Amino acid sequence: MGTKKLQLVIACFMTVLLLAGGQVFAADKVLKVGVLGPFTGPSAQNGKEFKASVEMAMEAIDSTVGDYKIEVVWVDSQSDPARAASAYAEAVEGKGIQAGVLNWHSSVAVSVMDVAAQYKVPHMFGFGASEVVNEKWQADPEKYSYWGGKGWPVPAKLEGNYIECINEVIANGTWKPKKKLAAIYGEDTDWGRSAGGAYKDALLASGWEIYAEEYFPITQTDFYPLLAKFKSAGVELLAGTSTAAPSLTAFVKQYAEVGNKGVLIASGLGWIGDWYKMTGPGSDYVLDSIPQLTTAEAQQWAKDVQAKYGFNPSPSSGGLSYDGIRMFIKILERTNELHGRLDKETIHKTMVEEVNTGKLTYGKKDGAIIMNEYKYTPETMPDMVVGPDAYFFPILQYKAGKGYIIFPEDWKQKDFEQK
Amino acid sequence: MSKHNMSVTLTWLKTAPGLSIVISIAVAVAATIDAGPYLLVNMVVTGGMLALVATGLTLMLGVLNIPMFAHGEYFMIGSLTAYYIFTPISEFILEHPDSWLVTFGPFIAIIGALIGGAIAGVISEKLVFGPLRRRSTDNWVMNSFLLTVGVSVLLINLHQLIFGADFKGIVGYWQGMPISIADVYVSKDRVMSFLISAVIVALFYLFMTYTRTGMAIRAVSQDITGAEIVGIDIEKIVLLTISLACALAAVAGGSLLFMYPSYPTVGLEPLYMAWFVVILSGLGNILGAVAGAFMVALLKVITMEYVGAGWDFVVPSALIMLILIFKPSGIFGSDVRGVLDK
Amino acid sequence: MLLEVKNLNAGYGYLQILRDVSLHIDKGEYVGIVGPNGAGKSTTMKTIAGLISPMSGSVVFNGEDITGLSGSAVAKKGISFVSEEMNLFVNMTVQENLYMGAYTIKEKHLQNERLEFVFELFPRLAERRKQLAGTMSGGERKMLAIGRGMMSNPSLMLVDEPSFGLAPQLTTSVFASLEVLIKTGVTILLVEQNVTKTLAVTGRGYVLENGKIGLEGKSADLAEDSYVKKVFLGV
Amino acid sequence: MDTTTNDLNMNLFDRVLDKLCLTPIGLAGLILLLILPFIPPFNQEYMLRWLIYCGFIAAMSVGFDFTAGFINIVNFGYMAVAGTGGYTSALLVLNAGLSPWIAMLAGGVSSAILGLVIGMISLRLRGIFAACLSWFFGLAVMGLAIKMVWLTRGPLGLRVPRLFETESNFPFYFLIVILVYLTYLICKWVVRSKMGLAFQAIGQNMDAARTSGIDPVFYRVFNFTMSCAIAGVLGGFYAHFYGILTPDMMHTSKTVEVLAVAYIGGRGSLWGGAVIAFPFIFLMEIVRSTLSHLPGLNLVIYALVLILVMIYYPGGFSYFYDTHIRQPKNRALRYFLNGRDA
């Protein structure tokens, strides 16, 4: 039997090879853009939101910039830096992407930065926030100029707000903790540790005592032993974050169940579109900081996503990525205007000359739905300008599935409430 | 207590099971005094759920000699089934808060998970294990092990292909305030999941000990030829055992949906833990597996308390390896016949 | 005729052991199969019991063709097999083992009747009813295996090497218990290496050599046969 | 392929070939692998990247088969062992400024030590229990890599300098092909010697081996140490090729990948896994890449192939080759397939 069958198998194999190889030779005037995101794995929910945002933004421009057809290539990071780097390199080598946008994890950013630099593919608006990304970027700005402006600043710039808010609340007497004992928790990733470090610094600076710092794998969903430990130690303030939906919602839910009476900061809960479905009333009184869908346009966007994709998008992963991809489209349009052609060199040039210098910004006037303005300057790079009139997250407190802004003072909708 | 009983107890205490049970209880008591009663409560609740997953695994390994690597995926099937049954029920409950479903809806979901797991088990036997058994007899343990590895990868990725990789979770099964035991708050869901697992494990124990079919399963596990010559229909018993084992894993997945949302690789952690239990306690009896489950739960909780989050694989697995060096057949394993590669 | 085996060919995998074995047993008979090691005695038994499926030939029991049925199906027809390895359930008590022997009987009271009967036959087992089978001595296990074989109230018992690995005095007691069984009207097919003993107790016998039936006839005649004497009895 | 003949009739070419443990077709395959990167479409960088991964899995599967196929113990923590080598190598380069080449060897040494430890503590265990022990060991090592953040940076991964300071994948490809061949050659030499017989004796029946004067302790530990040393060097290659090392590399699912290839290739053949890895892994990569909108499909196929092979062809590809292809009527062809000693 052997030989004939074997020949057939080999023939099939070669055909598949040729088909795959043939992809590289596609038609002219096509710009392939890689969208990097965790489409599978524990953060797949964010990947889903990315996908919806990109598809909607592409639909709005009919996937066309000038006479270029934009083709989206999904690059799955699988929440793992090594696999992400491989997938990205493959997208460049095999599928011929000329530019990339978005990204979720910091650890992925750290590894993909090198790939982008290696192939000189400009990448815009990756979310990897941690200091490591910035340190690496600043160590060689020239090389990493291909890793363009980030979509999320280092935690210290935003996460410190929580502690500021808490201290303010204590100062004006709305909350009277028995003792200033805090604990820090977080997912065991660059982001989790980086944010945890930000809380720690801010807490220690304002006279808090830290009981413990606990970092757990992003797939963990059983926190009862940990939370019980915190409770029995009398921890009054628990600050932490996770980007993985199951992990953080379980944490919040179990925090309430275990009977903790203190304040819980669950940074990132609202980044998950349908978080309330998973936490239920356990999320009452929890603090979080997420951007708000304030404008009519933003609310319309959320409705559209709900209608088209069947889930409630989160302003942070869905909304920010929507703004990110639209800003990227603006960059493409500008590049086309300046150079008359779209490829990795011209896009990179625009990014370096126009975006990173603060010349090209994207704001409410362009139709941004989340932030007032996305603006990068040489001083802030790779972060954006952070501030209430540019990029800013207010602090909210949840009640019955809705968030009310309690900080900063001028945006305040409600006062802080104690449990 | 007579003198004779005393000496029997003393000898038992010197055996591996006696020693380890006494040490475990002592450690649990010491840690409870040191840290607080919540530790004990957590250990009991975690142990209950581990017992459920581990008994299914023991059954597969002990009766059929299948070192099941896909056990966690039946856990996942259970949680998935429960999710798709309970989601419409919970929506209905939201609109009709007085309905009988408020109390009994979760049971429907959990029983659904049980049935789902049993069906999955039957399908696996018909499509996978049966054909292997008919074709290969030598090197059975390793071949079936690799087969279950394949099944595991297959089920994980089928889940991802069909249902997507996102986390399908629920807020909780039973509403209401958590129950307070000695200033330790335990949510109704956890109490119920513990009760469910206790009832199921007890029923299962009674079934295996006293019923004709249960005895037939034990007979098959001890001597398959002997079972055949007394007239036990091996095929039927094997089918029943596989579906029972899968149902046990699935019911664990179903009743723990509030804590482990369903996603493709949700089964990995229960799988690791169940294997810890089975290897630690050895292949002996169900009671051994239950005791082992509480020991592993204790290890896990203690690690979490004194070492920190994220260490709960390192410390227990290191300890179990240590125990294995001194007691290769596990603590309660008097007889490891059949699993040795002879 | 209770059992009729015709032209049976069987073996393991590609290895054929039995060649055209034919034998028959009438109701109430006590028949022995003797032969040297590796002659295929156990294979014959296992094939009749359904543990090995034959390559060709037929096994007819009580007028019903049972060729190729599984072991459990054969057991349900009323044949019980006491194997050489005994195949006891080592982690079950004596009583549980015996109850398992009555697996094909559904009614509890009938099971209990059989249990009483076996306990009467082997009082030793009654004494140890709560003991685990795995902790018993060789002779007791043999007794238990035979007792378990009795539990299903079989019309035919296949007993394979009951004396294997036993001390001489135990062998005698095992043979004595088979003697008792015959008196209660059970048909027995016995396989033994101990030729003298076998031919002394059984009524009729077969000599199996190299997978073939060499001789057959009344046991007393076989015992006097010069060939048998020369080969097996070393006379 | 398995016997060394010092037949004087053999010409020099045949003798060299025999020393190199190759048949003419094996040599042809090796040459094909070496010229592959010059043939379109394989000359594209991304295809080379896949091929390098194929080579890595191929070499790993040879090392894995050295244990699984010969002493019949599945080292279920094999990737964790490789990861240890990778981390050792990476850390030495990063912290001690060692050259990656020397560091890779040091990685091999560290893994060998790990293998020695696993081999020693799993001595009293057989079959599935030894597999479980190595599995738990792997889990513990992975857990350590995750938690020792100060050293390994935890899940964030280490940035590792690459072996060649070039962006091209070419040199890496040739290196891995050489590594695949070297791994095969070393294992084959050992297996051909008296030691190979001892391995097989132990693998088939440890007690019988012991009674016939073979010391299972030495051979088992030696086998474990050697296969782990191979894994360590390959782990170093992995680290210095991808340039990033995360604990995820040590995950059980990665071991499953190696194991699947080794078993589909055919256990106990050494070459089966290496031969099958290239087309198989490559095809899976194509499926994954072209059908990226169906994530997990490649793994579904992977699992299906493993299941089908385990049920219907547990001997794997090498067995198929030996029974169906190896002995053609044509003499020239037979020489081509078997070399002179057939």
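In what follows, chains carry the letters A, B, and so on, assigned in the order in which the sequence lines appear, proteins first and then strands, with residues in each chain numbered from 1. Bear in mind the structure is a predicted one, so any value in this text is a computation, not a measurement. Hydrogens, waters and symmetry mates are skipped; everything else that's a heavy atom, side chains included, is used.
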So, the part of B:Gln160 with a heavy atom under 4.5 Å from chain A: the answer is side chain
Sort out for me which of B:Ser90, B:Ser187, B:Pro264 touches chain A most, counting heavy-atom pairs under 4.5 Å.
B:Ser187
Interchain contact, A:Glu213 with chain B, by part (heavy-atom threshold 4.5 Å):
neither
With the side chain counted from C-beta on, respond yes when A:Gln254 and B:Met259 share a heavy-atom pair under 4.5 Å apart, and no when they do not.
yes
Interatomic distance, A:Glu257 atom CD to B:Phe258 atom CZ [nearest 0.5 angstrom]
7.0 Å
Return the option, out of A:Lys229, A:Lys253, A:Glu214, with the maximum number of heavy-atom pairs under 4.5 Å with chain B.
A:Lys229
Name the region of A:Lys48, side chain, backbone, both or neither, that has any atom closer than 4.5 Å to a heavy atom of chain B.
side chain
Taking every heavy atom of B:Val171 against every heavy atom of A:Thr279, the minimum-distance pair comes out as CG1-O, 3.6 Å
Which atoms of B:Lys300 come close to chain A, meaning under 4.5 Å heavy atom to heavy atom: side chain ones, backbone ones, both, or neither?
side chain
Between the CG atom in A:Asp222 and the CE atom in B:Met273, the distance rounded to the nearest 0.5 Å is 9.0 Å
Under 4.5 Å to a heavy atom of chain B? For A:Tyr224 that would be both
Does atom NZ of A:Lys308 have more than 12 heavy-atom neighbours from other groups under 6.0 Å away?
yes
Checking A:Asp188 against chain B: side chain, backbone, both or neither under 4.5 Å from a heavy atom?
neither
So which heavy atom on A:Pro225 is nearest to which on B:Asn42, and how close?
CA-ND2, 3.5 Å
